[in-house]
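Note sheet for the following structure.
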Amino acid sequence: MSQYSILFVDDEEEVFQIILRKLDWESLEFSVPSYARNGREALELAEELQPDVVMTDIKMPYMDGLELGRQLKQTCPQAKIVIFSGFDRFEYAQEAIKLEVEEYILKPIDADELRSVFQRLREKLDRERAEKRDIDKLHQYYMESLPVLQDSLYTSLIEGCIPQEEINRLISSYQIDLPGPYYAVCLVHASAASPNLEIEPFLLSVSVKKLAEEQLVERWRGKLFTYLDNTVLIAQLTESTEVTSLTDSLDRFCRLARHLCGATVTIGIGQVCSSLRELSASYTGAVDALSCRVIYGNTRAINIAEISPLEITDNDWNPQFLQQVFQQIKTGSRENLEQAVHRCVRQVSGQGNNLQKYRLFLMELLMEFFRFGSNNQLNVDKIWSESRDIYNEALHLESPEELEQWLLALCAKLQELVAHRRQNTTRSFVGKAVDYVREHYADQSLSVEMVCRSLGVSTSYFSTVFKKETGKTFIGYLTDYRMEQAVQLLLEGDEKTYVIAGKLGYSDPNYFSYVFKKQFGVSPTRYRVRERNKA
């Protein structure tokens, strides 16, 4: 069994070193603790490490241990919090109770007491992990969960095969609560994160599904069911703009599922709709979003409205076989596109036995592709630049084989333009974020949430794309840029450090000095003296 992880937080590193030597961590089934010097550093590390236990002092600069505990409840809800302090004050203990901390220890810490604390924590973590992975319990849960009639209705809704006039009657009969007013279909795909995880695939899916029921159903008034080996969540939203919060929530869930269930989970989120009849279109968008994991990576939530510059439309004429071609144009490889085109032409050849029917089909086919290019904001002139009369060119093809080659060439052009537009859209998006930082870096309240509100995207999508394009996290980029401005202000003027800190967006001059020294190895004042002496 893998060891549990610990994050130790104290502004005095010697305290950490003393506690580190007090216990044989491996014998207690804990890994050697990671260390953070203050609450702000701890939050950043916790987001990355997802520790099982956070042991923190109360009195620290920049952010105390109690405030850290409150924020960890939001970002790392599974972490067990242990507080230690040299202050035996009732109000501290009272606040710790509100935070539901596991232990409250007074300094100096006795080795035997510390060992007992971590033995209790290990036993509790063992029980929780066993409950998550107990095969018998998971199998029992699988057999007892979700009544058959409700599953059948949810499936029919996303397949779009229930007449509008029947939906309300069936929902009432099956006692299902779906008031909306807005909905988004979310497709949850799970696979084993490690080949050494000895659990059957369907039981792993059940484990993830059970975790989703605990973490997501109440928050999003969700309906959860299994469809084609995946888990589907129908989320209900109060406002259509709430989809960005949904994306962030599902993104955190993906990381939590990997930690607790040993599963690689990716979630595709379809477009927001305002009627149950439109759930099938939202499901199609969720499938498209999930397919994009080959581009954007797994263990995350992918919102179709964010990743695609393409306008999602419900065209009047939309044959079933063309949907596969469009999906491969958007996200597929050349090989998959060739297969989809082959299936399309094979069905085209069975549309009718007379020329009139073929001509009608050909006109509708070309109209659909023109509409696709227009709706997706592609330059249609580039697509058709090599031929003036596409219809006559296609009409005079000699065989289904020639039609297949002609159609494949057309689709390949569309695929290339879609990929080029997606790349340009991503670069433009990151460029706007960089410009926003450079215009607002002096704002003390500047945060990733503020930038995302300005751009109209979720923080999870923004963070992934920003780091992919710049090689840095948003906080890292903002800090580096502020430090560049700090160097310029230090060397070009004689302003006090606290004045410079304010100009750079730091409300606490001490924290500015701390960040500057961490970046350059010396304080701002010593840096100014050193660089001017060099000159």
Side-chain angles (χ1 to χ4, degrees), residues 50 73-79 128-135 137-148 150-155 157-158 176-178 182-193 197 199-237 242-270 272 279 282-283 285-287 289-290 293 298-304 458 460-461:
Q50 292 290 310
K73 287 296 181 181
Q74 301 297 320
T75 59
C76 298
Q78 81 285 354
E128 292 180 355
R129 179 175 288 181
E131 183 179 346
K132 296 292 182 189
R133 297 184 176 177
D134 189 317
I135 304 301
K137 288 184 179 179
L138 290 175
H139 189 268
Q140 180 182 359
Y141 170 81
Y142 178 76
M143 298 300 293
E144 295 175 352
S145 64
L146 295 182
V148 175
Q150 291 187 347
D151 262 5
S152 176
L153 180 58
Y154 297 144
T155 298
L157 283 172
I158 66 172
I176 295 174
D177 183 29
L178 280 171
Y182 297 96
Y183 312 91
V185 176
C186 310
L187 190 58
V188 183
H189 176 77
S191 60
L197 186 63
I199 183 171
E200 296 181 34
F202 89 94
L203 289 176
L204 183 65
S205 296
V206 172
S207 176
V208 172
K209 183 179 177 183
K210 187 173 187 295
L211 184 64
E213 189 172 73
E214 296 170 358
Q215 298 290 326
L216 302 175
V217 168
E218 181 178 356
R219 169 65 181 86
W220 296 106
R221 297 177 291 147
K223 306 302 178 184
L224 206 64
F225 59 102
T226 301
Y227 181 70
L228 299 179
D229 296 327
N230 287 317
T231 297
V232 179
L233 172 71
I234 300 177
Q236 301 186 75
L237 312 176
E242 200 177 5
V243 69
T244 56
S245 297
L246 172 65
T247 304
D248 287 336
S249 176
L250 296 181
D251 200 69
R252 290 192 294 269
F253 174 80
C254 291
R255 295 194 296 271
L256 185 62
R258 185 181 185 92
H259 181 72
L260 294 181
C261 304
T264 297
V265 174
T266 308
I267 303 178
I269 305 171
V272 176
L279 285 178
S282 183
Y283 173 74
V287 172
L290 188 61
R293 65 185 183 275
N298 56 26
T299 318
R300 56 159 302 179
I302 304 174
N303 184 342
I304 189 65
S458 63
S460 60
Y461 172 70

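- Expressed to the nearest 0.5 Å, how far CZ of R219 lies from CG of L250 amounts to 10.0 Å.
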Evaluate side-chain contact (heavy atoms from CB on, under 4.5 Å) for D251 paired with Y461, printing each intermediate quantity in order.
CA-CA 9 Å; D251 200 69; Y461 172 70; over 6 Å; no
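- For E214, the side chain to side chain donor-acceptor pair (under 3.5 Å) criterion is met by K132, K210, not counting sequence neighbours.
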For D151 and T226, what are the C-alpha separation, side-chain angles and deciding distance, and is it a side-chain contact (heavy atoms from CB on, under 4.5 Å)?
CA-CA 8 Å; D151 262 5; T226 301; 5.5 Å; no
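- Taken from CG in L216 to SG in C186, the straight-line distance is 8.5 Å, to the nearest 0.5 Å.
- If you take CD1 on I176 and CG on L157, they are separated by 7.5 Å, rounding to the nearest 0.5 Å.
- Side chains of V188 and V208 form a contact here, defined as non-hydrogen atoms less than 4.5 Å apart.
- Here the CD1 atom belonging to I269 is positioned 7.5 Å from the OG atom belonging to S458, to the nearest 0.5 angstrom.
- Here the closest non-hydrogen pair linking Y183 and L178 is OH-O, 2.7 Å.
- Side-chain atoms of S282 come within 3.5 Å of backbone atoms of V185 as a donor-acceptor pair (strictly under, hydrogens ignored).
- T247 and N303 form a side-chain donor-acceptor contact under 3.5 Å, judged by distance and modelled atom types alone.
- Taking the side chain as every heavy atom from C-beta outward, I234 and F225 approach each other to under 4.5 Å.
- Nearest heavy-atom pair across L211 and A257 is CD2-CA, 3.7 Å.
- For S205, the side-chain contact (heavy atoms from CB on, under 4.5 Å) criterion is met by no residue, not counting sequence neighbours.
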Could you check W220 against S245 for side-chain contact (heavy atoms from CB on, under 4.5 Å), going step by step and ending with a plain yes or no?
CA-CA 10 Å; W220 296 106; S245 297; 3.9 Å; yes
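- The distance from atom SG of C261 to atom CG of L256, rounded to the nearest 0.5 Å, is 7.5 Å.
- Nearest approach of A286 to G268, heavy atoms of both residues: CB-O, 3.5 Å.
- Remark: R252 pairs with no residue by the salt bridge (charged side-chain N to carboxylate O under 4.0 Å, His left out) rule, at least two apart or across chains.
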Candidate pair Q78 and C76, rule side-chain contact (heavy atoms from CB on, under 4.5 Å), full reasoning
CA-CA 6 Å; Q78 81 285 354; C76 298; 4.2 Å; yes
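- Residues meeting the side-chain contact (heavy atoms from CB on, under 4.5 Å) test with E128, sequence neighbours left out: K80, K124, L125.
- In this structure, L224 CG and Y154 OH are separated by 9.5 Å, a value rounded to the nearest 0.5 Å.
- A donor atom on one side chain and an acceptor atom on the other are not found under 3.5 Å apart for T299 and R255.
- Contact check for R258 versus V265: no side-chain heavy atoms found under the 4.5 Å cut-off.
- With sequence neighbours left out, F253 forms a ring-ring contact (aromatic ring centres under 6.0 Å, His included) with no residue at all.
- Within the 3.5 Å criterion, the main-chain N or O of R221 finds a donor-acceptor partner in the side chain of Q236.
- Take D177 and apply the side-chain contact (heavy atoms from CB on, under 4.5 Å) test, not counting sequence neighbours, and it matches P179, K223.
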